[in-house]
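The structure appears below as structure tokens.
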Amino acid sequence: MTHADPFAIRELLGPHAAPGRRALTGEHGIVLPAFTDHHVHLHLIEEQGLAAHGVAAALDLGGDPVALARRPREGFPRVSYAGAFLTAPGGYPVDRSWAPDGITREISDPSTHPGVPGGVATVVDEQASCGASVIKVVLNSAAGPVLDLATLRAVVSCARERSLPVVAHVEGDGMTRLALDAGVDAFAHTPFSEWLDGASIARAVALRQHWISTLAIHDGVDRERAAINLATFAQAGGRVLYGTDLGNGERPVGIQVAELAALDAAGIRGAALIATLTDPWPVVEQTHAVATFVPGTAPTTLDEIPAWLGAATVVPDEEVVRDEH
Ligand SMILES: [Zn+2]
């Protein structure tokens with residue numbers, strides 16, 4: 001294709017993709033809605049690099065709620081956050097070198113009454129009052145004690161009262177089931193430590209769960225399990241979100257082609273792949289102040305899309321001109 005055909009572009013990249021150019025430089029490329037990385041840790045990365053490399057919005061899934069509350073609201077990336085990691089007393093990630101005290105809260109009481117030290121409502125209220133958009137719970141039985149079902153249900157019900165979805169980190173045998181039994185809304189990582197049967201995946205879909213991908217942080221059998229669990233979930237109609245866990249390990253900041261390639265290999269391709277990036281969850285409406293611009297020749301096959309997206313950048317909406325056809 002010498003000139004980008006808008007119909008072919010929409011067919012390949014989804015209904016919001018359009019050929020266009022930069023207003024100032026005249027550079028041609030493809031315009032897409034803003035992209036979100038649904039799993040980052042801002043205190044561990046140089047966040048200024050995100051927008052330069054295609055990420056307009058980010059969801060921080062574990063950080064100091066007070067520091068996050070003090071962030072300026074303007075600028076890019078637009079940030080939403082969970083605040084602290086909620087866990088059992090002594091549970092993961094308490095005492096981890098990368099997890100200073102300010103970023104974990106140990107729940108020692110299932111109480112949903114305010115003001116109880118270590119109580120569910122106390123801890124959930126603190127995150128909410130710091131401006132959290134989601135509540136993050138850690139269920140890692142491979143690395144320490146975990147919240148029991150009653151306490152976890154109390155967290156979900158407290159969060160619901162505040163219209164906040166609950167995102168769980170599940171790791172270790174039975175942790176996916178525990179999260180499903182409590183009705184959590186999303187997984188911070190595609191479940192990777194256990195193979196999920198069809199019934200569990202059907203329950204996740206029925207709960208309308210969102211699964212944040214993070215496939216590329218794993219290798220070996222964890223990688224294989226995550227990829228197959230995610231492929232099955234997506235095929236069953238489950239909602240998949242692009243997420244990288246940036247801050248975990250050393251990677252250049254920005255869009256991660258390795259994550260996109262892993263999603264593509266799991267069957268989440270083309271327009272479906274783009275949709276994992278453009279879904280603004282947990283924010284209801286995506287920012288219209290910026291767009292994604294991918295310079296150069298548009299892809300013509302599904303196989304080219306992950307690597308092509310590696311050139312994405314964030315541009316102010318008024319600086320792109322969509323071609324008229
Ligand atoms: Zn993480």
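Order of appearance sets the numbers: ligands from 1, and atoms from 1 within every ligand.
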Exercise. When L86 is tested against each of I135, L152, V166, V138 for side-chain contact (heavy atoms from CB on, under 4.5 Å), which residue passes?
Worked result: I135

For this session: Enter the distance from T112:OG1 to R153:CZ here, rounded to the nearest 0.5 Å.
Result: 14.5 Å

For this session: Apply side chain to side chain contact (heavy atoms under 4.5 Å, CB included) to E47 and list each qualifying residue two or more places apart in sequence or on a separate chain.
Result: L42, L50, R71, P77

Problem set entry | Around the Zn ion (ligand 1), number of protein N/O/S atoms which are nearer than 2.8 Å | 3

Exercise. Taking the six-membered ring for Trp, are F85 and H41 parallel (under 30°), tilted (30 to 60°) or perpendicular (over 60°)?
Worked result: parallel

For this session: Indicate yes or no: does R162 engage D125 in a salt bridge with an N to O separation below 4.0 Å.
Result: yes

Problem set entry | Presence of salt bridge, D317 and R322, under 4.0 angstrom | yes

